[in-house]
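To keep things clear, I will list the structure first and then write my remarks on it.
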Amino acid sequence: MSHQLDIGQAHLYKIGLTDLDQLLAIETRVYPYPWSRGNFFDSFNSGHELIGLRDRDNTLFAYFIVMYVVDEVHLLNIAVDTDYQQQGYAHFLLNHLCALAREKGMVSVLLEARVSNLPALKLYQKFGFIEIGRRKNYYPAQNQTREDAIVMRYTL
């Protein structure tokens, strides 16, 4: 069931540890190789920025996690829950991420995406990210194999 929600009805907020179970639930619905509880906990402990989107019922349905390094921001994770996909929320989150990065004086946004994640790659390319390299065997894949990552940059 798709949840139709005007972007104006969604609200951004800073994610806290109390949201951890909701993050894990979304992550496991969205990704075949999801982040673990420990990965999220490490992000909280490392001071990474976690921003979420809630719907009018105050349900978390999308988020991103970033790490600021010198003058670049690294997008570590972004997800939109399955029922909310294809409605512009990922693009909305990327716009918000870029606004935050500019406020902090960053010059670019970096990310990695699986070569097989065609919807994400299409989104990033449409947004203006450019491929700058590849990381061989970066991600775990089926049958004990590994999958390359495409490294992309967006200049602010």
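Nothing here was measured: the structure is a model prediction, and the numbers come from that model. Computation of the quantities below employed the complete heavy-atom set of this structure, encompassing side-chain atoms and omitting hydrogens, waters and symmetry-equivalent molecules.
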Answer yes or no: is there a donor N or O on one side and an acceptor on the other, between the side chain of [X] and the main chain of [Y], under 3.5 Å?
X: Asp81; Y: Tyr84; answer: no
X: Ser46; Y: His48; answer: no
X: Arg114; Y: Pro140; answer: yes

Taking all non-hydrogen atoms of both residues into account, name the closest pair between [X] and [Y] and its distance.
X: Ala101; Y: Val73; value: CB-CG1, 3.8 Å
X: Gly52; Y: Leu60; value: CA-CD1, 3.9 Å
X: Leu93; Y: Ala79; value: CD1-O, 4.5 Å

For the atom pair [atom1] ([X]) and [atom2] ([Y]), what is the distance rounded to the nearest 0.5 Å?
X: Leu123; Y: Gln85; atom1: CG; atom2: CD; value: 10.5 Å
X: Leu111; Y: Ile132; atom1: CG; atom2: CD1; value: 9.0 Å
X: Asp19; Y: Lys14; atom1: CG; atom2: NZ; value: 12.0 Å
X: Ser43; Y: Met67; atom1: OG; atom2: CE; value: 8.5 Å
X: Ile78; Y: Leu97; atom1: CD1; atom2: CG; value: 7.5 Å
X: Phe40; Y: Leu17; atom1: CZ; atom2: CG; value: 12.0 Å

[X] bridged to [Y] by N-O distance under 4.0 Å:
X: Asp148; Y: Arg135; value: no
X: Arg153; Y: Glu72; value: yes
X: Asp21; Y: Arg37; value: yes

For residues [X] and [Y]: do they belong to one hydrophobic cluster (side chain heavy atoms under 4.5 Å, members Ile, Leu, Val, Met, Phe, Trp, Tyr)?
X: Leu156; Y: Ile51; value: yes
X: Phe129; Y: Val115; value: yes
X: Tyr124; Y: Val107; value: no
X: Leu76; Y: Val69; value: yes
X: Leu110; Y: Leu100; value: no

Summary of side chain to side chain donor-acceptor pair (under 3.5 Å) pairs that have at least one residue in residues 93-102, sequence neighbours excluded:
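Every side chain to side chain donor-acceptor pair (under 3.5 Å) pair that includes a residue of residues 93-102, provided the two are not neighbours, is His91-Asn95.
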With distance as the sole criterion, is a donor-acceptor pair present between the side chains of [X] and [Y] under 3.5 Å?
X: Tyr63; Y: Glu27; value: yes
X: His11; Y: Asp55; value: no
X: Tyr138; Y: Glu147; value: no

Lys/Arg cation over aromatic Tyr13: Arg54, 6.0 Å, 45° cone
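Yes, Arg54 lies over the aromatic ring of Tyr13.
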Taking it one step at a time, do Tyr33 and Tyr139 satisfy ring-ring contact (aromatic ring centres under 6.0 Å, His included)?
CA-CA 9 Å; Tyr33 300 93; Tyr139 291 111; 8.9 Å; no
Could you walk me through whether Val80 and Phe64 pass the side chain to side chain contact (heavy atoms under 4.5 Å, CB included) check?
CA-CA 9 Å; Val80 176; Phe64 68 76; over 6 Å; no
Would you call the rings of Phe61 and Tyr89 parallel, tilted or perpendicular if under 30° counts as parallel and over 60° as perpendicular?
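Rings of Phe61 and Tyr89: perpendicular, as their planes differ by over 60°.
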Sub-4.5 Å side-chain heavy-atom contact between [X] and [Y]:
X: Tyr154; Y: Ser108; answer: no
X: His74; Y: Met106; answer: no
X: Leu50; Y: Val66; answer: no

Decide side chain to side chain contact (heavy atoms under 4.5 Å, CB included) for Cys98 and Phe127; before the verdict, give the C-alpha distance in whole Å, the side-chain angles of both, and the deciding distance to 0.1 Å.
CA-CA 11 Å; Cys98 289; Phe127 194 86; 3.7 Å; yes
With a 6.0 Å cut-off (strictly less than), is the heavy-atom count around OH of Tyr31, excluding the residue itself, greater than 12?
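Yes, the 6.0 Å shell around OH holds more than 12 heavy atoms from other groups.
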Side chain to side chain contact (heavy atoms under 4.5 Å, CB included) between Gln125 and Met152: does it pass, once the steps are laid out?
CA-CA 9 Å; Gln125 289 166 349; Met152 303 182 89; 3.7 Å; yes
Identify which one of Ile65, Leu53, Leu23, Leu20 satisfies the side-chain contact (heavy atoms from CB on, under 4.5 Å) criterion when paired with Ile15.
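The side-chain contact (heavy atoms from CB on, under 4.5 Å) with Ile15 is passed solely by Leu23 among Ile65, Leu53, Leu23, Leu20.
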